[in-house]
Amino acid sequence: MREYRTASEEETQALGKRFGEEARAGEVYALTGDLGAGKTVFARGFAEGLGVGTRVTSPTFTLLQLHEDGRLPLYHFDLYRIETVDEAIDIGCEEYFHGAGVSLVEWAERAEELLPADTIRIRITRDPAEDDVRSIVISNA
Ligand SMILES: Nc1ncnc2c1ncn2[C@@H]1O[C@H](COP(=O)(O)OP(=O)(O)OP(=O)(O)O)[C@@H](O)[C@H]1O
Ligand SMILES: [Mg+2]
């Protein structure tokens, strides 16, 4: 387990980029943390590290965005709005999680039972005392 502390959006994006540069085919990254914690910021850096040029966003009703223009395909999920795990199954989560690209899943706890055993966990929490400070804990199962 590794813990990082970032003091700005830019630092979190840079950390995500480092992980994106190292990512390997078939990996699943589960991002958890409250609304506004910085999951999408991390994802944006991660995509950059993979060489993705298309924009990483979190549109309200899009559960999955595919980015195929990087070094590996990136499957970027945002499961905030699903109510049952069946909705994740319906969009093909399991195929993607076991696919040839890299899965990055915001609100991964919504589909906990579908995550492979070797999922890489990334938990982002705000510092209660300092507005722009985040703790980012990364662990492999
Ligand atoms: N150290 C930091 N790391 C990341 N974001 C930060 C940091 N400090 C401040 N911020 C701000 O926090 C917000 C993080 O937003 P982001 O969309 O990444 O959150 P999220 O975890 O994806 O939320 P959601 O659950 O709504 O998708 C941004 O407005 C960003 O500027
Ligand atoms: Mg987000």
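For ligands, and for the atoms within them, numbers begin at 1 and follow the listed sequence.
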Q: If you measure from the Lys or Arg side-chain nitrogens to the Asp or Glu carboxylate oxygens, is any gap between R24 and E27 under 4.0 Å?
A: yes

Q: Tell me, yes or no, whether the heavy-atom count around E68 atom CD, taken from other residues, nucleotides or ligands under 6.0 Å, exceeds 12.
A: yes

Q: Enumerate the pairs of nitrogen or oxygen atoms, one from ligand 1 and one from the protein, separated by less than 3.5 angstrom; state names and distance to 0.1 Å.
A:
{"from": "ligand 1", "atom 1": "1 (N)", "to": "T6", "atom 2": "OG1", "distance (Å)": "3.1"}
{"from": "ligand 1", "atom 1": "1 (N)", "to": "S8", "atom 2": "N", "distance (Å)": "3.3"}
{"from": "ligand 1", "atom 1": "1 (N)", "to": "S8", "atom 2": "O", "distance (Å)": "3.1"}
{"from": "ligand 1", "atom 1": "1 (N)", "to": "D132", "atom 2": "O", "distance (Å)": "2.7"}
{"from": "ligand 1", "atom 1": "3 (N)", "to": "T12", "atom 2": "OG1", "distance (Å)": "2.6"}
{"from": "ligand 1", "atom 1": "8 (N)", "to": "D132", "atom 2": "O", "distance (Å)": "3.2"}
{"from": "ligand 1", "atom 1": "10 (N)", "to": "R134", "atom 2": "NH2", "distance (Å)": "3.3"}
{"from": "ligand 1", "atom 1": "12 (O)", "to": "G36", "atom 2": "O", "distance (Å)": "3.4"}
{"from": "ligand 1", "atom 1": "12 (O)", "to": "R134", "atom 2": "NH2", "distance (Å)": "3.1"}
{"from": "ligand 1", "atom 1": "18 (O)", "to": "T40", "atom 2": "N", "distance (Å)": "3.2"}
{"from": "ligand 1", "atom 1": "18 (O)", "to": "V41", "atom 2": "N", "distance (Å)": "3.0"}
{"from": "ligand 1", "atom 1": "19 (O)", "to": "G38", "atom 2": "N", "distance (Å)": "3.2"}
{"from": "ligand 1", "atom 1": "21 (O)", "to": "A37", "atom 2": "N", "distance (Å)": "3.2"}
{"from": "ligand 1", "atom 1": "21 (O)", "to": "G38", "atom 2": "N", "distance (Å)": "2.9"}
{"from": "ligand 1", "atom 1": "21 (O)", "to": "K39", "atom 2": "N", "distance (Å)": "2.8"}
{"from": "ligand 1", "atom 1": "21 (O)", "to": "K39", "atom 2": "NZ", "distance (Å)": "2.7"}
{"from": "ligand 1", "atom 1": "22 (O)", "to": "T40", "atom 2": "N", "distance (Å)": "2.9"}
{"from": "ligand 1", "atom 1": "22 (O)", "to": "T40", "atom 2": "OG1", "distance (Å)": "2.9"}
{"from": "ligand 1", "atom 1": "22 (O)", "to": "E106", "atom 2": "OE1", "distance (Å)": "3.2"}
{"from": "ligand 1", "atom 1": "23 (O)", "to": "G36", "atom 2": "N", "distance (Å)": "2.9"}
{"from": "ligand 1", "atom 1": "25 (O)", "to": "K39", "atom 2": "NZ", "distance (Å)": "2.8"}
{"from": "ligand 1", "atom 1": "25 (O)", "to": "W107", "atom 2": "NE1", "distance (Å)": "2.9"}
{"from": "ligand 1", "atom 1": "27 (O)", "to": "E106", "atom 2": "OE1", "distance (Å)": "3.4"}
{"from": "ligand 1", "atom 1": "31 (O)", "to": "E9", "atom 2": "OE1", "distance (Å)": "2.4"}

Q: Between the side chain of R71 and the main-chain N/O of E21, is any donor-acceptor distance below 3.5 Å?
A: yes

Q: Just so I know, are the side chains of H67 and V56 near enough to count as touching, which here means a heavy-atom distance under 4.5 Å?
A: yes

Q: Under 2.8 Å from the Mg ion (ligand 2), how many protein N/O/S atoms do you get? Just the number, please.
A: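 Count of protein N, O, S atoms less than 2.8 Å from the Mg ion (ligand 2): 2.
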
Q: Can you tell me if CZ on R2 sees more than 12 non-hydrogen neighbours from other groups inside 6.0 Å?
A: yes

Q: Check this for me: does any side-chain nitrogen of one of D78 and K39 sit under 4.0 Å from a carboxylate oxygen of the other?
A: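 Between K39 and D78 there is no salt bridge, as every charged N stays at least 4.0 Å from the carboxylate O atoms.
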
Q: Take E94 and Y96, measure what side chain to side chain donor-acceptor pair (under 3.5 Å) needs, and give me the verdict at the end.
A: CA-CA 5 Å; E94 291 159 297; Y96 288 110; over 6 Å; no

Q: So does Y75 have more than 12 non-hydrogen atoms from other groups sitting under 6.0 Å from OH?
A: yes

Q: Would the number of heavy atoms belonging to other residues, nucleotides or ligands and lying under 6.0 Å from CD of E83 be above 12?
A: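 Check fails, neighbour count at 12 or below.
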
